[in-house]
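Read the structure below first, then the notes.
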Amino acid sequence: MIKWLLTIGIAVLALMLWFGKGRGGGAATRAPRRPAPGPQPMVACARCGLHLPQADAVEGEGGRHYCSPEHRRLGPGASAGR
Ligand SMILES: [Zn+2]
């Protein structure tokens with residue numbers, strides 16, 4: 001009788017582990033949709049030198065980054081070197 005209980009217990013444990021793994025994997029595949037929560041790549045505005053996250057930067061010509069569309073319109077300026 002105890003053997004049966006043990007067998008059933010092990011089977012239940014195995015099932016729990018199996019489903020736990022499957023659920024964890026599902027969450028893991030869903031998680032990377034969001035950008036990495038860690039440190040973000042920072043870029044400097046080619047016009048004024050302001051540092052800002054690359055996600056917030058405005059991309060301009062030649063792979064340059066700007067803090068705003070206004071600065072992108074003005075282009076890389078002399079004030080950057082200050
Ligand atoms: Zn700027």
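Note that ligands are numbered from 1 as they come in the structure, with each ligand's atoms numbered from 1 the same way.
- One hydrophobic cluster, built from ILVMFWY side chains closer than 4.5 Å, holds both Ile8 and Met16.
- Within the protein, the number of N, O or S atoms lying under 2.8 Å from the Zn ion (ligand 1) is 4.
- Here OG of Ser68 is found 8.0 Å from CG of Leu74. Values are rounded to the nearest 0.5 Å.
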Side chain to side chain contact (heavy atoms under 4.5 Å, CB included) evaluation trace for Cys45 with His65 = CA-CA 5 Å; Cys45 174; His65 293 92; over 6 Å; no
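- Atom CZ of residue Arg72 and atom CD of residue Glu59 lie 9.5 Å apart, to the nearest 0.5 angstrom.
- Of all the heavy atoms in Gln40 and Ala55, the pair that sits closest is OE1-CB, 4.3 Å.
- The CG atom of Leu15 lies 12.0 Å from the CD1 atom of Ile10; values are rounded to the nearest 0.5 Å.
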